[in-house]
Enquirer: 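Can you keep this structure in mind? I'll have questions shortly.
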Amino acid sequence: MPMEKTFNAAEAEARLYDAWEKAGCFTAGANASRPETFCIMIPPPNVTGSLHMGHAFNNTLQDILVRWHRMRGFDTLWQPGQDHAGIATQMVVERELAKQGISRRDFKRREDFVAKVWEWKQQSGGTIINQLKRLGASCDWSRNAFTMSGAPGAPAGEEGNFHDAVIKVFVDLYTKGFIYRGKRLVNWDPHFETAISDLEVEQVEVDGAMWRLRYPLEDGATWDRPTEWDEDGNVTATEPCPYLVVATTRPETMLGDTGVAVHPEDPRYRHLIGKTVRLPLCGRSIPIVADEYADPAKGTGAVKITPAHDFNDWEVGQRAGLRAINVMTTRAAMWLRDNRDFAEGCDPDLVAKAIERLDGADRYAAREAIINEATDDGWLDGIDPDRHMVPHGDRSKVAIEPYLTDQWFVDTAKIVEPALAAVREGRTKILPEQHEKVYFHWLENIEPWCISRQLWWGHQIPVWYGPRKTVLEDGRTRLSFSISNPKTFCAASKDEAISQMVEYYQIAGPEELEEFSAPAGARDFAEASFGTTFLVGEIERRSDGGTKEFRIPYYRDPDVLDTWFSSGLWPIGTLGWPEDTPELQRYFPTDVLITGFDIIFFWVARMMMMQLAVVNDIPFHTVYVHALVRDEKGKKMSKSLGNVLDPLELIDEFGADAVRFTLTAMAAMGRDLKLSTARIAGYRNFGTKLWNAARFAEMNGVFENHKSGTPPAPAETVNRWIIGETARVRQTVDDALANYRFNDAANALYAFVWGKVCDWYVEFSKPLLLDGTQAQQAETRATMAWVLDQCLILLHPIMPFVTEELWTITGAREKMLVHADWPTYGAELIDAEADREMNWVIDLIEEIRSARAQMGVPAGAQTPMLATQIDPAARTAWDRNEALIRKLARVEKLSEVNDLPKGCVTIAIEGAHLALPLAGIIDVAAEKTRLEKSLAKLDKELAGLMGRLKNPKFIDSAPEDVVEETRDLAEAKQDEAAKLRAALGRLAELG
RNA sequence: GGGUGAUUAGCUCAGUGGUAGAGCGCUUCGUUCACAUCGAAGAUGUCGGGAGUUCGAAUCUCUCAUCACCCA
């Protein structure tokens, strides 16, 4: 049955992938035949994710390396998995619940909400896995990992031990003193009500305003405010001014102002340093401090300082010893009622008024209300329109607040050094190298890493809090309960934490403890039990050691860990650590990480730090950083621009192989790639081309009784030639892949399969297969079968589907192509003689075709050819390949003559004077033009070559082989030019 | 403001000191039995500007211009 004309990707892909999976082709170690291992960890996509172009690119490159190593017999593991994406997943699930009118806060227990998230995960969390399969990703799915597996509440099927790894690492790092809790400003997302990392913040330019506010100076102080300027901007008149003007883009934070900063050298204000201003709205008296942060050239040169609501102000506040007053709730509404910090030092009447007007108002409403009040009361100095950057949460898209809270931090400064050293010393290489700079720059300036998140979905921090103890002089023990400064028990399990508590409090056992699910409950309990007010309760132990009449309250930290804390353990966690599994021993450290540059900080640097801190080894020896996929105009693909190309739609339309090949061919290191569908269609056509070469072979019986195996040793030059070309491309492909030059591999294969095999070899084979002797037919069939096999093998890592399908169709095979042996042949298969000869033949055919086309010879016409001179090498080449030349160049026969007749077209070729007698057809003018053009080009080249050869410095300093090469080239060009000149002479006689 | 990269054919881009390339597009021709998702032929370049190093520069150095991205 003849093959179809094209490969039906839509039909075949699922079938082939299924066959691979069923046969266990992708499991760790499948097809291993040598001791070396090769392991890649997939960068875990979000469990909420669906495949976008970046994934398609990233995973295509991984799959190429993995398939290549597997075929070479490495013990290969491509470890797949997803991360639990704290905020994103919680957002998705909350959105689902909102459709049913349910809010997260309606859940009485967080466990119930988390159960909902697991439910969602079971239903929808596998989306991206199936999408990766459509791309052809050959991951070992039986090992699919998840960063929340094994967490409390995880349902059946999620019983991995990733949770154990995360918790163990937290406890280890805590014990080693690398993790601490502290009150610091963090990026707070008021929508999700959680801290987020710097890296989850994007700067968005927005149109806003600079409001200038007047803060009255106290104690009669004044400064000279300019009132007139000359045309150069110099001040020519001033007047005493009783207030300072501060400019701000965020007037609503003024209730938390605790100072005004001016530059220490600013002559306008120097005399005011140490004096105070009275804060409008609440009457707080705040100092004027000197700090270089205040830029005299910007605004008025006086800056209001709100340490609790601005990162720069926090720094100033630390330097100047200013209070930090939080005036907002976790939802970024004004928090004034019951806010003791706020009320302290303010005018009680004004505070009451402020509470009445502003308490509970959203930050933007408060801003408006404050501006209105300032306008009415005359302390608004003016408004300047201002376009500035505002930080936004990358998930929530709302403006983030710098917010003062208790959070957990990794003291990264203490674990960063080994990660820097590993790259500096080359134990881990980052490609392309320029990214090492980014890595170094970030790690050398690393900030503490805030790892706590106020979410429910994630690994809950394994820390329990209880009262602190003080031993009194009389031997009794006092326990002081404070939410802001509790005693911390960090342990891998609650039981261990309780043991720690029993020991610490020296109590009989857990029955003397009482657990609360939230700090407020513990506080209330402490207050109720000990009759103390507010946060501190005192529990005095009886002298006999008993505490029978009360129990000691404790609670677990409600926060969860940043998702990146768990994905930072991906390399060891997926291999079963903390258990010492065979996989861990076998595959760790892993080999290559392939990832986008946008998560060098997020992930790569953190994996380096964490693996080194935890198991004292690098996680991988190479990091290949790839570029961004953009649309064809070079714009970043984004949903809002509507320029997103969906890889799945592209796979539907062109097939996975075409999409993969396109991405591979465009994967030049360090450059963004601009994707257009025209390009993908082009590579789809390439697949069709390969398909039809196989189809031709099949129709000519090439695959009858074919067995894949060793290269044949044919006699025909053309067969020896193509075998050599195959050997060459194999070397090129291996070199390219070994150096992560994916595009070189793809382009070499494209040029070989289309340009060599299809354009020339298949054409050359036709005379042999159709009219050759039996021996010629047999060896040509064998050669073609072998060559096509090699094409399939070498292309398989890039185009797995069409190659596997052809492999199945074209012969009885011992193994599927996915496990076929990758070849190792090389130079020994290259026959220099055959090479020279076939290149001569190809040159000749191209020369003849070109001359015919330009002379307007009808395409089908056969012409005779004349030779006045032909050297032995050319003669042999002609004789041995006459059938091919005659067929492909439409030449009737070659006759040797003494003189060319008039009206000949010259064919310039090495070692012979050839011409096509085209009297009657020839257009003298056209031929003259053609020859002159060639000659002009030749002369130009020759001039360059001769110029170099005549320069004694070139002869002296250039390497010998370059000089030699230049000489040979010049000689050949001179010969050719002479022939063309002779031809032009003959033409002149004619016309 | 700091950093990184880019500028090569109409378009998208390869090309790390020795004869300027590919794909797409364009023009002309072609239904001979692998393929019209094809074949044959053809046109198109001061390698962003300037200076330097070198026998020799798209390639190395400096400088200017423009663009992009990252970090403030």
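Here is how names work: the chains are called A, B, and so on, in the same order as the sequence lines, proteins then strands, and each is numbered from 1.
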Enquirer: Nearest whole Å is fine: how far is B/G39 P from A/Trp760 CH2?
Expert: 12 Å

Enquirer: Any strand counts, and the cut-off is 3.5 Å on both contacts for Watson-Crick or G-U wobble. Which nucleotide pairs with B/U66?
Expert: B/A6

Enquirer: Rounded to the nearest angstrom, tell me the gap between atom CD in A/Glu941 and atom P in B/G56.
Expert: 21 Å

Enquirer: Round to the nearest Å and state the distance from A/Glu202 atom CD to B/C69 atom P.
Expert: 14 Å

Enquirer: Among B/A40, B/U37, B/G18, which nucleotide has an atom closest to any side-chain atom of A/Asp759?
Expert: B/A40

Enquirer: Figure out the CD/P separation between A/Glu965 and B/G18, and round it to whole Å.
Expert: 11 Å

Enquirer: Applying a 3.5 Å limit to both distances, which nucleotide forms a Watson-Crick or G-U wobble pair with B/A40?
Expert: B/U28

Enquirer: Tabulate protein N/O versus nucleotide N/O from nucleotides 31-33 of chain B, keeping only pairs under 3.5 Å, one per line.
Expert:
residue	atom	partner	partner atom	Å
B/U32	N3	A/Arg890	NH2	3.4
B/U32	O4	A/Arg890	NH2	2.2

Enquirer: Expressed in angstrom and rounded to an integer, what is the separation of A/Phe7 atom CZ from B/C38 atom C1'?
Expert: 20 Å

Enquirer: Would you confirm whether A/Asn692, through its side chain, and A/Arg695, through its main-chain N or O, come within 3.5 Å as a donor-acceptor pair?
Expert: no

Enquirer: Does A/Ser957 have a side-chain nitrogen or oxygen under 4.0 Å from the phosphate oxygens OP1 or OP2 of B/U54?
Expert: no

Enquirer: Take the protein atom CH2 of A/Trp442 and the nucleotide atom P of B/G2, then report the distance between them rounded to whole Å.
Expert: 24 Å

Enquirer: Please report the distance separating the C1' of B/C47 from the corresponding atom of B/A57, rounded so that it comes out in whole Å.
Expert: 11 Å

Enquirer: Rounded to whole angstroms, how far apart are CZ on A/Phe742 and P on B/A22?
Expert: 25 Å

Enquirer: Checking base pairs now: Watson-Crick or wobble, both atom distances under 3.5 Å. What partners B/C60?
Expert: B/G52

Enquirer: Do the side chain of A/Gln854 and the base of B/A40 come within less than 3.5 angstrom through a donor-acceptor pair of N or O atoms?
Expert: no

Enquirer: Roughly how far apart, to the nearest Å, are B/G18 and B/C29 at atom C1'?
Expert: 39 Å

Enquirer: Pairing check on B/G1: which nucleotide meets the Watson-Crick or G-U wobble criteria with it, both distances under 3.5 Å?
Expert: B/C71

Enquirer: Would you indicate, yes or no, if B/A36 has its OP1 or OP2 atom less than 4.0 angstrom from a side-chain nitrogen or oxygen of A/Lys5?
Expert: yes

Enquirer: From C-beta outward on A/Tyr750, which listed nucleotide comes closest to its side chain: B/A41, B/G5, B/C24?
Expert: B/C24

Enquirer: B/G56 phosphate, OP1 or OP2: any side-chain N/O from A/Arg948 under 4.0 angstrom?
Expert: no

Enquirer: So does A/Lys689 get a side-chain nitrogen or oxygen closer than 4.0 Å to the phosphate oxygens (OP1/OP2) of B/G39?
Expert: yes

Enquirer: For B/C38, does OP1 or OP2 lie under 4.0 Å from any side-chain N or O of A/Asn685?
Expert: yes

Enquirer: Classify A/Pro952 by what it touches in the nucleic acid, base, sugar-phosphate, or nothing, heavy-atom distance under 4.0 Å.
Expert: nothing

Enquirer: Which of parallel (below 30°), tilted (30 to 60°) and perpendicular (above 60°) describes A/Phe57 and A/His626?
Expert: perpendicular

Enquirer: Distance-only, no hydrogens or angles: does the A/Arg852 side chain make a donor-acceptor pair with backbone N or O of A/Arg890 under 3.5 Å?
Expert: yes

Enquirer: Mind checking A/Lys950 for me? I need base, sugar-phosphate or nothing, with any heavy atom below 4.0 Å counting as a touch.
Expert: nothing

Enquirer: Ignoring backbone atoms, establish whether A/Trp691 has a side-chain N or O less than 4.0 Å from OP1 or OP2 of B/C38.
Expert: no

Enquirer: Of the nucleotides B/C35, B/U37, B/G42, which one has an atom closest to the side chain of A/Thr6?
Expert: B/U37

Enquirer: Answer with base, sugar-phosphate or nothing: what part of the nucleic acid does A/Asn747 contact at a heavy-atom distance below 4.0 Å?
Expert: nothing

Enquirer: From CD of A/Glu847 over to C1' of B/A41, roughly how many Å is that when rounded to an integer?
Expert: 12 Å

Enquirer: Within the 4.0 Å heavy-atom criterion, would you say A/Glu436 contacts the bases, only the backbone, or no part of the nucleic acid?
Expert: nothing

